[in-house]
Asks: 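Supplied in structure tokens, the structure appears directly below.
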Amino acid sequence: MGVQIGELLPRKELELENLNGRKVAIDAFNAIYQFLSTIRQRDGTPLMDSKGRITSHLSGLFYRTINLMEAGIKPAYVFDGKPPEFKKKELEKRAEAREEAQEKWEEALARGDLEEAKKYAQRASKVNEMLIEDAKKLLELMGIPWVQAPSEGEAQAAYMASKGHVWASASQDYDSLLFGTPRLVRNLTITGKRKLPGKDIYVEVKPELIVLEEVLKELKITREKLVELAILVGTDYNPGGIKGIGPKKALEIVKYSKDPLAKYQKMSDVDLYAIKEFFLNPPTTDEYKLEWKMPDEEGILKFLCDEHDFSEERVKNGLERLKKAVKAGRQFTLDSWFKK
DNA sequence: CGAATTCA
DNA sequence: TGAATTCGG
């Protein structure tokens, strides 16, 4: 998923204080997918309510959003719209991979290999329309803004950041840099511990910041060249890229070639120039309003506890934290206003 | 993943 | 207490 240019990009660790008071546009699909794939039982089964409906994404979204708000970070979630036609191949590839993983999950389960089962269950994760609807509903009840992108969410998030309506975009993927976000935050979580799949090794995962301007300066290229580089290496729109060309070689190529795509267009069955154009000028919208409101407590209790069997005690505790955070955030905004 | 609980 | 483990839905 996403572009494979990570190793080329300079980045710096972010302390939470650096994000205090800042608005961030979060790639909703990216977040939901991660919750869905990681919040699971030992055999790989996701969390579900008594009617068998998946709730892993709601749990993750609820608690992480509260954590972010408590840290003074104002999240706005950006949802994908209609994917571009040329993403079809990648989407089909993902669907195929999921089906294969599903089979392997069942096999591992049949022979009682829980570790393998979970691994394949995670790969079989599918973010469907129902999960998206649930997520939007929860955010609305929480008073957290969400934005409907006309096309790619990463493109919309980049647009909002480049307009200065949010400070940064947030995703694990690097695509929003190609779409022109001035800042990309990765690993946007508060409790930063991740267990490596192999053994019982825990690694601290801190938020990191990638600044587009610094990327271009470091690589000595323009954004247009960065997009060409990414296309050579491979994006969601041309999976795999050009055979035999990795990030290092691609960087050299875009530097010395005036029109790097020309040579490789012949050996590619997709329109590389259309992909480039899409990254440079993606569909976006101005139809959004970023407002962080007090949560609808009654609505949340009904939705999470009554409908989806969440623990009332836990949810009420979360709500208290959220209310406090919203108030504190308003105070922060007022303080910085009077200090001007 | 993140909250709650257990462990040393 | 802080780290490790288990539970959550």
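Quick note on labels: first sequence line is chain A, next is B, and so on, each numbered from 1. Small disclaimer: the values here were computed from a predicted structure and weren't measured.
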Asks: Of all the heavy-atom pairs spanning A:Leu229 and A:Val254, show the shortest one and how long it is.
Replies: N-CG1, 3.6 Å
Asks: So if I take residues 292-310 of chain A and measure heavy-atom distances to DNA chain C, which residues fall below 4.0 Å?
Replies: A:His308, A:Asp309, A:Phe310
Asks: Which whole-number value in Å describes the distance from A:Leu68 CG to B:dG2 C1'?
Replies: 12 Å
Asks: At their closest point, which heavy atom of A:Ser169 faces which heavy atom of A:Val24, and how far apart are they?
Replies: C-CG1, 4.3 Å
Asks: Hey, does the side chain of A:Asn67 come within less than 4.0 Å of B:dA3's phosphate (OP1/OP2), counting only N and O?
Replies: yes
Asks: Search all heavy atoms of A:Ile32 against all heavy atoms of A:Ala135 and return the closest pair with its distance.
Replies: CD1-CB, 3.6 Å
Asks: Let's see if you get this right: which residues in residues 129-140 of chain A place a heavy atom under 4.0 Å from DNA chain C?
Replies: none
Asks: Check the distance between B:dA3's C1' and A:Gln41's CD and give it to me in whole angstrom.
Replies: 16 Å
Asks: Using the ring of each side chain (for Trp, its six-membered ring), is A:Tyr237 parallel, tilted or perpendicular to A:Phe279, with breaks at 30° and 60°?
Replies: tilted
Asks: Grab the CD1-P distance between A:Ile32 and B:dG2 for me, whole Å please.
Replies: 14 Å
Asks: Starting from C1' on C:dA4, measure out to CZ on A:Arg42 and report it in whole angstrom.
Replies: 13 Å
Asks: Would you check if A:Arg98 and A:Arg123 make a side-chain contact, meaning some heavy-atom pair closer than 4.5 Å?
Replies: no
Asks: Which part of the nucleic acid, if any, lies within contact of A:Ser56, taking any heavy atom under 4.0 Å across all strands shown: a base, the sugar-phosphate backbone alone, or nothing?
Replies: nothing
Asks: Under 4.0 Å, heavy atoms only, any strand: does A:Arg53 hit a base, just the sugar-phosphate, or nothing?
Replies: nothing
Asks: May I ask you to say whether A:Asp236 pairs ionically with A:Arg94, meaning some side-chain N is under 4.0 Å from a carboxylate O?
Replies: yes
Asks: What's the shortest heavy-atom distance between A:Arg11 and A:Arg186, and which atoms?
Replies: NH1-NH1, 3.3 Å
Asks: Quick one: A:Ile39 CD1 to B:dC1 P, roughly how many Å, whole number?
Replies: 8 Å
Asks: What is the separation between atom NZ on A:Lys51 and atom P on C:dG9, rounded to the nearest whole Å?
Replies: 17 Å
Asks: Rounded to whole angstrom units, what separation is found between the CZ atom of A:Phe35 and the C1' atom of B:dA3?
Replies: 13 Å
Asks: Of the non-hydrogen atoms in A:Ala76 and A:Leu290, which two are nearest, and what is the gap between them?
Replies: CB-CD2, 3.9 Å
Asks: Whole Å only: how far is the CZ atom of A:Phe62 from the C1' atom of C:dG8?
Replies: 13 Å
Asks: With a 4.0 Å limit, can you tell me whether A:Arg321 has a side-chain N or O closer than that to the phosphate oxygens OP1/OP2 of B:dA3?
Replies: yes
Asks: What is the minimum heavy-atom distance between A:Phe62 and A:Val315, and which atoms define it?
Replies: CZ-O, 3.8 Å
Asks: Does a side-chain N or O from A:Arg64 land closer than 4.0 Å to OP1 or OP2 of B:dG2, or not?
Replies: yes
